[in-house]
Engineer: 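This structure is in structure tokens; I'll ask about it shortly.
The first residue of the sequence shown is numbered 1, and numbering continues consecutively from there.
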Amino acid sequence: MYKVDAVIRPEKLEELKDKLYEIGVTGITVTEVYGCGLTRGQEEIYRGSVLYVNLLPKIKVEIVIYETPLDTLIDTIRGVCNTGHVGDGKIFVSELYTAVKIRTGERGGAAIIDDKA
């Protein structure tokens with residue numbers, strides 16, 4: 001069982017959601033975040049003044065997988081979110097010890113498999 005956090009460009013979210021559903025990912029958590037990487041932001045001109053914006057808006061998508069192959073998930077995220085430009089984002093992968101479904105108490109993979117109920 002893995003948890004995958006992907007920090008992506010906001011405009012890529014809808015396309016990514018569609019592709020994740022196609023590969024069998026049934027649940028995601030999405031958060032609006034701000035951050036910067038190696039570029040440490042960018043300069044913008046606002047009403048004639050130069051502003052240095054060092055935290056850029058991004059979307060963080062959290063996905064926990066049990067049955068979906070990890071490489072398939074990573075390749076899907078990269079395929080959708082890769083523009084070839086700085087700022088495309090990052091993917092972070094962690095192994096999960098367990099998960100617990102609050103409603104039923106199921107643990108492990110059974111807690112994240114969509115039972116359509």
Side-chain angles (χ1 to χ4, degrees):
M1 193 166 28
Y2 295 97
K3 179 180 180 194
V4 177
D5 294 323
V7 179
I8 65 169
R9 295 175 182 269
E11 63 270 18
K12 294 294 187 173
L13 178 60
E14 291 303 317
E15 184 181 354
L16 180 61
K17 286 188 330 187
D18 293 341
K19 292 293 183 182
L20 291 175
Y21 186 74
E22 288 177 19
I23 65 167
V25 173
T26 57
I28 64 173
T29 301
V30 176
T31 310
E32 292 180 1
V33 296
Y34 292 88
C36 65
L38 293 175
T39 60
R40 295 193 171 92
Q42 63 190 25
E43 284 186 2
E44 293 186 6
I45 298 177
Y46 178 74
R47 294 188 177 180
S49 298
V50 175
L51 298 174
Y52 188 71
V53 181
N54 60 356
L55 292 176
L56 302 174
K58 299 289 182 179
I59 296 292
K60 181 179 178 184
V61 180
E62 298 174 73
I63 306 159
V64 176
I65 57 171
Y66 179 69
E67 293 180 325
T68 303
L70 180 60
D71 288 338
T72 300
L73 177 58
I74 291 171
D75 291 345
T76 299
I77 296 169
R78 286 199 65 237
V80 170
C81 298
N82 181 6
T83 67
H85 295 89
V86 172
D88 281 347
K90 297 277 190 298
I91 301 170
F92 304 97
V93 179
S94 305
E95 284 193 67
L96 282 185
Y97 174 71
T98 194
V100 179
K101 186 181 283 188
I102 293 172
R103 178 175 53 89
T104 63
E106 292 172 294
R107 294 178 179 263
I112 63 169
I113 294 174
D114 188 5
D115 61 5
K116 310 284 189 237

Engineer: With a cut-off of 6.0 Å (strictly less than), are more than 12 heavy atoms of other residues, nucleotides or ligands near CD of E32?
Structural biologist: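 No, not enclosed.
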Engineer: What distance do K90 atom NZ and C81 atom SG have between them, rounded to the nearest 0.5 Å?
Structural biologist: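 Between atom NZ of K90 and atom SG of C81 there are 13.0 Å.
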Engineer: Do you know the tightest heavy-atom contact between A111 and A99?
Structural biologist: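 That closest heavy-atom pairing would be CB-O, 3.6 Å.
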Engineer: How close do V64 and M1 get, heavy atom to heavy atom, and via which atoms?
Structural biologist: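 Heavy-atom minimum between the residues: CG1-CG, 4.1 Å.
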Engineer: For D88, which residues count as a side chain to side chain donor-acceptor pair (under 3.5 Å) partner, sequence neighbours excluded?
Structural biologist: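 Applying side chain to side chain donor-acceptor pair (under 3.5 Å) to D88 gives R9, T83.
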Engineer: My understanding is that a hydrophobic cluster links ILVMFWY residues whose side chain heavy atoms are under 4.5 Å apart, including indirect links. Using that, what else belongs to the cluster containing I91?
Structural biologist: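 Listed partners: Y2, V4, I8, L13, L16, L20, I23, V25, I28, V30, I59, V61, I63, I65, L70, L73, I74, I77, V80, V93.
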Engineer: Looking at residues at least two apart in the chain, or sitting in another chain, which of them share a side chain to side chain donor-acceptor pair (under 3.5 Å) with E62?
Structural biologist: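 E62 satisfies side chain to side chain donor-acceptor pair (under 3.5 Å) with K3 once adjacent residues are dropped.
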Engineer: Which heavy atom in K101 sits nearest to a heavy atom in I113, and how many Å separate them?
Structural biologist: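 Heavy atoms only, the tightest pair is NZ-O, 4.0 Å.
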Engineer: Distance from T72 atom OG1 to E22 atom CD, nearest 0.5 Å?
Structural biologist: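 It is 13.0 Å, given to the nearest 0.5 Å.
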